[in-house]
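Below: the structure, in structure tokens.
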There are 2 protein chains.
Amino acid sequence: MALPQATNTRFQTAEDVVGDIQRRIENGEWPEGHRLPPERELAALYGLARNTVRSALNRMGTDLIRVVGRGTYVKARNGGSVPGLGRHMKDASPAEVMEVRLIIEPQAAALAAHRANSDDLAEITEILRRSIAAKGFAEFEHYDAALHLAVFRATKNQLLVDYCEAINSARHQPHWHRLKQKSLTDGLRSQYDREHSALVDAIKQRDAEKARRLIHQHLTHVRDHLLAIDA
Amino acid sequence: MALPQATNTRFQTAEDVVGDIQRRIENGEWPEGHRLPPERELAALYGLARNTVRSALNRMGTDLIRVVGRGTYVKARNGGSVPGLGRHMKDASPAEVMEVRLIIEPQAAALAAHRANSDDLAEITEILRRSIAAKGFAEFEHYDAALHLAVFRATKNQLLVDYCEAINSARHQPHWHRLKQKSLTDGLRSQYDREHSALVDAIKQRDAEKARRLIHQHLTHVRDHLLAIDA
DNA sequence: GTCTTTTGAGCCAATGTTGAACCATTGACC
DNA sequence: GGTCAATGGTTCAACATTGGCTCAAAAGAC
């Protein structure tokens, strides 16, 4: 994303730099394969000597690939290779993805409230039931994604469905998984359940405006908790 | 066609060029069998040495066919390698695409009004000027797409930029091309010019709400004219 | 006071970019 | 057929960028 690199915090030791770089990798700001700024640039950025930055980079060992004359790259964790659809999502940071979700999903929910037929409503209701009954993190994640997808399907716009699937593919990225796992406490889980239920009710009542508002609220909460962990 | 190509982004390495050429091929700007500009011309276009451009072309290996004395051609690709959002765009109906545009672009314009820096504004202004000065259908189309893309770039959200490129790829589909060509009368062309100008002004004034409203109006007009022809 | 870390500086080696020149092939034109 | 411009193929030396490395002095940490 070509960040302005706002490093307002103070960095004093190599350990600080290791932490900052790991954070940037974890939250997707520097995705796999990304080329880091040159050592000399990083040094200026952190306000430290180049040797200190080098020391930090060296400590990160296998997470980075360093090539003389070319630069330092974030090592691709094996497997990655999500095919096609998620290509863009894969490189996107959680902040970017949530921004796009907040743009699209409220409108999609409003459309769904207008266009959903009884089959759509039945499916959405069933998935909601299962997501509430879900035990454990992985199962909840699965039905959460399925619920949002079912809402998109009810819009009857295949392009929107494709978008939702692309977004869902981001959930399978390692750093996303870590973030969500960290942020999803029991209390939050039940809050999300309530928000999902309210959204489904609004769609059933054909109240597009209410659906729009509720999912916007919901995603705002998701974003805030995700990025709070991030910081 | 000899398009001016509007390479506003900065290219510094062979890797950048590889990415740009792959993008142009993927979004249909350079379809299968298309002849690329000569190496020396590409070099001037990207502002790089011919050797650097050659290095980029060589790295693309089987995607290109290079013949001494004739030129460089896009190789016909058997099978769908590298499917992306663009692939779905191509299969989508104009009605679906316009529905999604009406959802996303107003919000993107509002974001752009908030986040555009002076460089972004200068670029947007320049592209607007060229789009108004454009002679003929193809040139106008080119700058029209470039204008919308420049607005998305100003949001600083790479995911939104990717989305806009996917939309633009739809413009290179023969079906779309025919529709737009039929619908774009001289009167409509000047109306679009006015709407574009008003939008750019709103962004410059940092008036997010106005920008949102104006682009929504604009896209509504585009949709109505497009679908009137379609029907 | 001793030990570790950080600093600043310099030099080296690997890689990429540049600008230029010249060659080989193709196709259009006479 | 001969000529000529256009185009890709090749090579080369100079320069720029970037990580690898060393070393002595300064700054903290215990």
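In what follows, chains carry the letters A, B, and so on, assigned in the order in which the sequence lines appear, proteins first and then strands, with residues in each chain numbered from 1.
Here A/Tyr163 and A/Phe152 keep their ring centres 6.0 angstrom or further from each other.
Nucleic acid contact for B/Ser55: none, since no nucleic acid atom lies under 4.0 Å from a heavy atom of the residue. Using a 4.0 Å heavy-atom distance criterion, B/Leu48 is classed as a sugar-phosphate-only contact.
Between B/Asp16 atom CG and D/dT17 atom C1' there is a gap of 15 Å when expressed in whole angstrom units. Between B/Leu57 atom CG and D/dT10 atom C1' the separation is 15 Å, expressed in whole Å. When the C1' atom of D/dT17 is taken as reference, atom CD of A/Glu41 falls 11 Å away, rounded to whole Å. For the pair B/Arg70 CZ and D/dG9 P, the interatomic distance rounds to 13 Å; values are reported in whole Å. For the pair B/Glu39 CD and D/dG9 P, the computed distance is 6 Å after rounding to whole Å. As a whole-Å value, the separation of A/Arg54 CZ from D/dC21 P is 7 Å. The interatomic distance linking B/Arg50 (CZ) with D/dT11 (C1') rounds to 12 Å, in whole Å.
For A/Ile21, the side chain to side chain contact (heavy atoms under 4.5 Å, CB included) criterion is met by A/Val17, A/Ile25, A/Trp30, A/Leu36, A/Tyr46, A/Leu57, A/Met60, not counting sequence neighbours. A/Thr52 is linked by a side chain to side chain donor-acceptor pair (under 3.5 Å) to nothing, counting only residues two or more places apart in sequence or in another chain.
The listed nucleotides are D/dT18, D/dG20, D/dG9; the one nearest the side chain of A/Arg66 is D/dG20. Nearest nucleotide to the A/Asn51 side chain, out of D/dC23, D/dG8, D/dG19: D/dC23.
Taking the side chain as every heavy atom from C-beta outward, A/Leu42 and A/Glu39 never approach each other to under 4.5 Å.
Judged purely by distance below 3.5 Å, without hydrogens or angles, the side chains of B/Asn157 and B/Arg115 never pair a donor atom with an acceptor atom. Side-chain polar atoms of B/Thr125 and B/Arg129 form no donor-acceptor pair below 3.5 angstrom.
Counting distance only, with no hydrogens placed and no angle test, the side-chain atoms of A/Arg40 and the base atoms of D/dG19 include a donor-acceptor pair under 3.5 Å.
Scanning DNA chain C 5' to 3' for nucleotides with an atom closer than 4.0 angstrom to a non-hydrogen atom of chain B gives a first and last hit of C/dT17 to C/dG27.
Here the CD atom belonging to B/Glu15 is positioned 5.0 Å from the CZ atom belonging to B/Arg59, to the nearest 0.5 angstrom.
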